[in-house]
4 protein chains.
Amino acid sequence: MEGSLDTKPRWERRKDARPEELLAAAVDLFVERGFASTRLEDVARRAGVSKGTLYLYYENKEELFKAVVRNSIVRALGEAEDSIAGFDGHSADLLRILIHGWWQRLGATKASGIIKLVMAEAGNFPELAQFYREEVIDRGTKMISSMLERAVASGEFRPVDVNMVTQVIIAPMLMLVTWRHSVAPCNGSELDPMVFLDTFLDLTLRGLLPADNPHRTSSA
Amino acid sequence: MEGSLDTKPRWERRKDARPEELLAAAVDLFVERGFASTRLEDVARRAGVSKGTLYLYYENKEELFKAVVRNSIVRALGEAEDSIAGFDGHSADLLRILIHGWWQRLGATKASGIIKLVMAEAGNFPELAQFYREEVIDRGTKMISSMLERAVASGEFRPVDVNMVTQVIIAPMLMLVTWRHSVAPCNGSELDPMVFLDTFLDLTLRGLLPADNPHRTSSA
Amino acid sequence: MEGSLDTKPRWERRKDARPEELLAAAVDLFVERGFASTRLEDVARRAGVSKGTLYLYYENKEELFKAVVRNSIVRALGEAEDSIAGFDGHSADLLRILIHGWWQRLGATKASGIIKLVMAEAGNFPELAQFYREEVIDRGTKMISSMLERAVASGEFRPVDVNMVTQVIIAPMLMLVTWRHSVAPCNGSELDPMVFLDTFLDLTLRGLLPADNPHRTSSA
Amino acid sequence: MEGSLDTKPRWERRKDARPEELLAAAVDLFVERGFASTRLEDVARRAGVSKGTLYLYYENKEELFKAVVRNSIVRALGEAEDSIAGFDGHSADLLRILIHGWWQRLGATKASGIIKLVMAEAGNFPELAQFYREEVIDRGTKMISSMLERAVASGEFRPVDVNMVTQVIIAPMLMLVTWRHSVAPCNGSELDPMVFLDTFLDLTLRGLLPADNPHRTSSA
DNA sequence: GATGAATGAGCGTTCATTCAT
DNA sequence: CATGAATGAACGCTCATTCAT
């Protein structure tokens, strides 16, 4: 029964897999070496193909990088948006879910290195900076802002400066990423991400929720 | 009176100034473009000398970078060490002085971009990473740790896990740098550094000082 | 009645048509972009086949180009030879027929771009140059020369330096092609080909025909 | 006395010579192989330098080509303009001087291959096409047109369609170039350029000059 | 026969580094 | 000391050609 679902010749099945294989190799190297210092030939070799093959799937280095971003960060953003849309409960719990989901889907994965990389190198590659701003920053910011607005409007959260709080929420995630990829490797220091995020959540929710709200503790 | 301090002919003073001029040009460009993307020709041009001259003073790109680091971060570290050695007062005040001094001498200056740069690119340049670890990280860590140890030994601070607290103290400084150079430019967001650092100091000292210690408030 | 002429199944007729379709696509692109700059992938795509298929019909790029030349210029040359062989009249009229036929079958068609292309690029592709010399230049020259010799021998034309006159006859045709493909597009200038060719014919025949020959005017 | 005029160190004299050496190598190869097929490494090697050196003098391949054009065709155009400005005589003689000057300064030199090259390849390099149109075609056309206008206004030449005649004058020069670089090498044929140009001049001037003008014959 | 994925040699361009002057 | 011309290795990208299916 399963075999009947895939009647393609082997090389065609390979072709379907290629983009994924190339992206996998690309994330690894981009994270290891940064955008500028990653050689496409190395990406190709790590994916087990020749340099030319890479160009069958991605127009150039920047497009490859965009694909990596779309395949990790943008995808996770979409999933987060979906989980917001489908969520039916208190916004405090939604915020907890988002932050934890971010950690599991991005923060803890190799892809988080991409976030650090963009912070480090976007300045030198204006087209990438624009792409990242449009497809990640703007969209992510909007997602959190509108969630906050809804929560404020419904009275779940106290009236706050939504844009400011959005920044406050994003900050510790970037912090964690910086830590993992820049500080820890230089430093050997430890920082338990879950403890850090939960501390942050408790603190922030204490500020966002109206007084004496039972959602204050994560055990709620 | 002034002339007696510098009897060299002008061109020789110029010669003595060269390294400084080169370093000034180099910081600017390293901070603007990162290590890999900075072209030595641009550094030389900005310093008003030829490319070859640069090599008279610095063996190669990495040595130039090291010199930049020594001239800013390492120098500031030395000054901090001196101010510790010469300090005669309560360790809580010393910590305040160190943090504020860091902000004034490094955090608020262009050189803070170097810190971010190292976090971003050190991975690609192992020799730089090693240099930075030895001359900045290890030394800075040791400085803070020994200060803490002394304070704990003297009873000024409660007994704490010194290594852990060292990390806790370093973190917000890195945070601030990351914010200024990576987040703010992508984000337009604001973060008042002094407020941030003071908040951190109050919070941390509250944890470090024995109960009911008058040094708890910065006005003490 | 029509069906009886072609009893093959449709796909097989398609197969027979492939070479023609490929050649058609190839002329277009060679003329548009030149030999070196034409990508075989584009030729294949324009013919509606895959790149690999092209290689089933033509060994490589040069062979494809040769086929294009054979299918246009060489074929026209053959037809011209036939029309000479089958011609029964005065050589002056034959020359008129040849020149006009050349214009209709080649000069006015896309294939004339191939002539220009050879003039422009043959230098870079020695094998093509040799092929073109053997199959076009030598043969065309011989055709005209022998026609002239016959006409001189028969007394239709005055005794002339046959090789020289051959060049004189070829020149305006190349001129016209150069004009259409190299000068006009840079220049917006016009040049009525028929007027040009007729002027040339009148002029040349005036020189070739014995005095007071009634064939001097094209209306004869 | 002469030595005192050149006190530069040898390598500096070399530097002054480099552009010329590079241009010389470049004309040769561009004419031999065309624009697209000429490898910059070959140009460099022929000039006796490394590939990188070429880029010290010319930003890229197109700029190198433009420099070649400026150094030959555009320069000759300027000289022609000067000789028009400084000319004091009958326009028929001026036209003769221009045509003969063109042959000596361009037509008979290697640079004439550049003209052919542009006709052949400009289509594939839009920026080059634009450059050539602006700096050569437009300027050259304007030069001839205004000369004709002046001659017509002064009554030296009969009233004619100036733009049309301009094309008529340019045509045989392009013809000659095509002949030398495209036809002759394929053909072994000969065409005495001076005879060709003089024939053209006599013919054209016969059409331009008022009846019974003594300037009709070049011996005038 | 037909496909199209894969290859790899080749070229334009950049830039840290050297060295004759 | 200072110069800046010269080098050459490196890398992004292209495309004719091959070959497993």
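First the proteins, then the strands, lettered A, B, ... as listed; each starts at 1.
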Query raised in the report: Taking a pair as Watson-Crick or G-U wobble with both distances under 3.5 Å, which nucleotide is matched to E:dA9?
Result: F:dT14
Report summary line: To the nearest angstrom, the CZ-P distance between B:Phe125 and E:dA16 comes to 10 Å
Requested in this report: May I ask you to verify if any side-chain N or O of C:Lys51 is less than 4.0 angstrom from the OP1 or OP2 atom of E:dG4?
Outcome: no
Query raised in the report: 5'-most contact on DNA chain E: B:Thr38 or D:Lys61, nearest heavy atom basis?
Result: D:Lys61
Query raised in the report: What is the distance from CZ of B:Arg39 to C1' of E:dT17, rounded to the nearest Å?
Result: 15 Å
Report task. Could you tell me whether the phosphate oxygens of F:dA2, OP1 or OP2, come under 4.0 Å of any side-chain nitrogen or oxygen in B:Tyr57? Result -> yes
Query raised in the report: So does B:Glu59 have more than 12 non-hydrogen atoms from other groups sitting under 6.0 Å from CD?
Result: no
Query raised in the report: When you match D:Phe35 and B:Glu62 each to their closest nucleotide on DNA chain E, which lands nearer the 5' end?
Result: D:Phe35
Requested in this report: Measure from the side-chain heavy atoms of C:Leu56 and tell me the nearest of F:dC11, E:dT7, E:dA2.
Outcome: E:dA2
Query - Donor-acceptor pair, side chain of B:Lys116 and main chain of B:Val31, under 3.5 angstrom - result: no
Requested in this report: Return the value, rounded to whole Å, for the distance between atom CD of D:Glu41 and atom P of E:dT14.
Outcome: 16 Å
Query - Mate of E:dC19 where both pairing distances stay under 3.5 Å, Watson-Crick or G-U - result: F:dG4
Query - Whole angstrom value for the distance that separates P of F:dC11 from CZ of A:Arg45 - result: 10 Å
Report task. Examine distances only and state if a side-chain atom of A:Glu121 and a backbone atom of A:Ala36 form a donor-acceptor pair shorter than 3.5 Å. Result -> yes
Query raised in the report: C:Leu54 has an atom CG; how far is it from atom P of F:dC19, in whole Å?
Result: 17 Å
Report task. Could you check D:Gly52 against C:Tyr55 and say which one's nearest nucleotide on DNA chain F is further toward the 5' end? Result -> D:Gly52
Query raised in the report: What's the verdict on side chain to side chain contact (heavy atoms under 4.5 Å, CB included) for A:Leu40 and A:Asn60, showing C-alpha distance, side-chain angles and the deciding distance?
Result: CA-CA 9 Å; A:Leu40 291 190; A:Asn60 53 39; over 6 Å; no
Report summary line: Closest to the side chain of B:Leu40, out of E:dT17, F:dT3, E:dG10, is E:dT17
**Report entry** Whole angstrom value for the distance that separates P of E:dG12 from CZ of D:Phe65
**Finding:** 14 Å
Query raised in the report: In terms of the angle between their ring planes, are D:Phe30 and D:Phe35 parallel, tilted or perpendicular, with boundaries placed at 30° and 60°?
Result: parallel
Query raised in the report: Can you tell me if the side-chain N/O atoms of A:Thr53 get under 4.0 Å from OP1 or OP2 in E:dT7?
Result: yes
Query raised in the report: E:dT13 P sits how many Å from D:Asp42 CG, rounded?
Result: 15 Å
Query raised in the report: Whole Å only: how far is the CG atom of C:Asn60 from the P atom of E:dA9?
Result: 19 Å
